[in-house]
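I have placed the structure first, in the form of structure tokens, so that the comments after it can refer back to it.
Sequence lines set the chain letters: A, B, ... in the order given, protein chains first and strands last, and positions in each chain run from 1.
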2 protein chains.
Amino acid sequence: MTQTSDTTSYKDIKQTVLQRIRSGEWQPDALLPNEQELAVEFSCTRTTVNRALRELADEGFLERRRKAGTRVLSAPQRQARFTIPLVRDEIEAAGGTYRYALVSQETQTAPDWLTARLALRVDQRVMHVRCMHFSTNTPFQFEDRWIVIDSVPQVEQADFSSIGPNDWLVQTVPFTNVELTFLASRADATLAGFLDVSEGEPVFTAERITWLQGQPVTFAKMYFAAGYRMSTEF
Amino acid sequence: MTQTSDTTSYKDIKQTVLQRIRSGEWQPDALLPNEQELAVEFSCTRTTVNRALRELADEGFLERRRKAGTRVLSAPQRQARFTIPLVRDEIEAAGGTYRYALVSQETQTAPDWLTARLALRVDQRVMHVRCMHFSTNTPFQFEDRWIVIDSVPQVEQADFSSIGPNDWLVQTVPFTNVELTFLASRADATLAGFLDVSEGEPVFTAERITWLQGQPVTFAKMYFAAGYRMSTEF
DNA sequence: AATTCCATTTTGTGTAGACTTTATGTATTT
DNA sequence: AAATACATAAAGTCTACACAAAATGGAATT
């Protein structure tokens, strides 16, 4: 047999399965019929059922184990997918005009806390860059970044007065692994000045560590202006 | 031909493609060979190549368009997947003992800001629940939640003195859609008391709105104790 | 009673081939 | 020059089948 327009597609199956979970027909922890049985029910091949169930498992609705079968997850460990936008894109998407400004750029020996955080060797040298991102001249984000020189030797020749370190890195170094952390921090005097808020105000903060094949490449702290909200739907 | 142990698998292909992107062999915006050509190169079927490329596109490395082919994304819009854990799981995973305490529970008419936020009808009634989550008797999270009674009528009979509203909802109502927001807020007197921090301290906050087939179900604000970090790797 | 071993079940992944859908670039027409 | 039509290329999906790998539950053994 071959594909015709009235075939049940993997998308149809996904929908139907979700319906059954939502309607309570398949309760949490319940065992689903196996792929072969579902294939018969939906009059399609096991391959098609497999794709549907595999994607639903990937999306966090189902749990699948060989021999054990497929179950409805009791506490749907649904995953929020944050697309971390580039600052420029985020500002422009909100209708602002993006402006970048370098605050400082210097090479130095990695401070102790950074050595510990990135598991650097002692006295390893880093490029320290601080810069501002504005949306139509309103402070949007203050970025405090360290780049490991041994991992990106070209950085010693880089000039961040007109291009941001993130843009430069994205163009220059691929990366393999990222650790992203969100937290709330308190504006100290310096930060308050840059972001135009009062000292002591809460500041939404993101930290990002990037590795290339196990080697630490860069650590960045990004402090967002007052009222910033990081949002996603799923 | 059939599958043998020396076959190139879709995982191998994913790795190889990533290598080529990282090494710069396939620059951003570059057009990849088409599936048929790659199938020949990797001595496998187009189906296998398709799965590899499809997943890489899904993970944000590639862009695929029919007829136009497959390209390397210039600004890798990599997506962070946050698995939003249940509070209890999060506390227990960190080695703490979970304890729950109800602060208040009452039905009321939805306040204006909530009516606006959830697009409720005027004077729609909601259940307002406030509660605390402790990790070994240390405040971990203060939860401030509203549940739309029309969407979950059973909630009027619910007793949240021993089970948290989130646990109850997960067991009772499936959901279709979630909006999740992270922000930094400032501890007011009440919050400072619950979380055992000074007034004015920054508090990492998550807001969560849940819908069931277009109907708003619940709005929750979750205030985390000092020092909380929401972290993910990808 | 506990442990080890193993057949069996169920998902995981691959091959081979075909049809479907989309959209691009070119040719044609206006 | 602009708009339209169209052949075609490339990804998208399905069928049908096969073998692989994991893990469960029970049988056999200690």
Side-chain angles (χ1 to χ4, degrees), chain A residues 1-18 20-21 26 28-74 76-77, chain B residues 1-18 20-21 26 28-74 76-77:
Chain A
M1 200 190 298
T2 182
Q3 187 183 1
T4 54
S5 49
D6 61 321
T7 313
T8 306
S9 84
Y10 79 98
K11 285 182 181 170
D12 299 334
I13 297 176
K14 283 179 75 173
Q15 279 312 307
T16 305
V17 170
L18 277 176
R20 291 186 187 175
I21 293 174
W26 287 341
D29 276 330
L31 197 64
L32 269 61
N34 69 35
E35 294 186 346
Q36 192 54 64
E37 288 164 343
L38 288 173
V40 171
E41 180 189 335
F42 292 118
S43 349
C44 65
T45 53
R46 193 170 76 83
T47 316
T48 303
V49 172
N50 179 275
R51 177 159 181 195
L53 297 187
R54 174 158 42 82
E55 292 196 358
L56 286 171
D58 203 47
E59 289 159 24
F61 293 100
L62 301 175
E63 192 202 1
R64 320 194 73 201
R65 291 215 320 282
R66 281 164 165 159
K67 166 80 183 179
T70 303
R71 322 191 149 263
V72 179
L73 272 182
S74 49
Q77 289 282 344
Chain B
M1 200 191 297
T2 183
Q3 187 183 358
T4 54
S5 50
D6 60 322
T7 313
T8 306
S9 86
Y10 79 97
K11 286 181 181 170
D12 299 333
I13 298 176
K14 284 179 74 172
Q15 281 311 308
T16 305
V17 170
L18 278 177
R20 291 187 186 175
I21 293 174
W26 287 341
D29 276 330
L31 196 63
L32 270 61
N34 69 35
E35 293 186 346
Q36 193 54 65
E37 291 164 343
L38 289 172
V40 171
E41 179 188 338
F42 293 117
S43 347
C44 64
T45 53
R46 193 170 77 83
T47 315
T48 302
V49 173
N50 179 274
R51 177 160 182 195
L53 297 188
R54 174 157 43 81
E55 291 195 359
L56 285 171
D58 203 47
E59 289 160 23
F61 293 102
L62 301 175
E63 192 202 0
R64 319 195 74 199
R65 289 214 322 283
R66 282 164 163 157
K67 166 79 182 178
T70 302
R71 315 189 154 268
V72 179
L73 272 181
S74 49
Q77 289 282 343

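Proximity of B:R64 to the phosphate of D:dG12: a side-chain N or O atom is located under 4.0 Å from OP1 or OP2. Phosphate contact (OP1/OP2 of D:dT13, side-chain N/O of A:Y10, threshold under 4.0 Å): present.
A heavy atom lying under 4.0 Å from DNA chain D marks the following residues of residues 45-52 of chain B, by number: B:R46, B:N50. Only at 4.0 angstrom or more do the heavy atoms of residues 33-41 of chain A sit from any atom of DNA chain D, so none qualifies.
Residues forming a side chain to side chain donor-acceptor pair (under 3.5 Å) with B:R46 (at least two apart in sequence, or on another chain): B:E35. With sequence neighbours excluded, the residues forming a side chain to side chain donor-acceptor pair (under 3.5 Å) with B:R54 are B:N50, listed by chain and number. The side-chain contact (heavy atoms from CB on, under 4.5 Å) test applied to B:E37 returns B:P33, B:N34, not counting sequence neighbours. Every residue was checked against the side chain to side chain donor-acceptor pair (under 3.5 Å) condition with A:R65, not counting sequence neighbours, and none meets it. In this structure A:R20 satisfies the side chain to side chain donor-acceptor pair (under 3.5 Å) test together with A:E41, sequence neighbours excluded. Partners of A:A30 under the side-chain contact (heavy atoms from CB on, under 4.5 Å) rule, at least two apart in sequence or in another chain, do not exist in this structure. For B:T47, the side-chain contact (heavy atoms from CB on, under 4.5 Å) criterion is met by B:T45, not counting sequence neighbours.
Spacing between atom CG of B:L56 and atom C1' of D:dA11 amounts to 15 Å, rounded to whole angstrom units. Here the P atom of nucleotide C:dT10 and the CG atom of A:L62 are 17 Å apart, to the nearest Å. As a whole-Å value, the separation of A:F42 CZ from D:dT13 C1' is 17 Å. What separates CZ of A:R71 from P of C:dT11 is a distance of 11 Å, to the nearest Å.
Atom CZ of residue B:F61 and atom OG1 of residue B:T70 lie 15.0 Å apart, to the nearest 0.5 angstrom. With values rounded to the nearest 0.5 angstrom, B:C44 atom SG is found 9.5 Å from B:D12 atom CG. Rounding to the nearest 0.5 Å gives a distance of 5.0 Å between OG1 of A:T16 and CZ of A:F42.
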Between protein and nucleic acid, restricted to nucleotides 24-27 of chain D and to nitrogen or oxygen atoms under 3.5 Å apart, what atom pairs and distances do you find?
residue: D:dT24; atom: OP1; partner: A:R65; partner atom: NE; Å: 3.4
residue: D:dT24; atom: OP1; partner: A:R65; partner atom: NH2; Å: 2.5

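The two residues A:V72 and A:L62 have their closest heavy-atom pair at CA-CD2, 4.0 Å.
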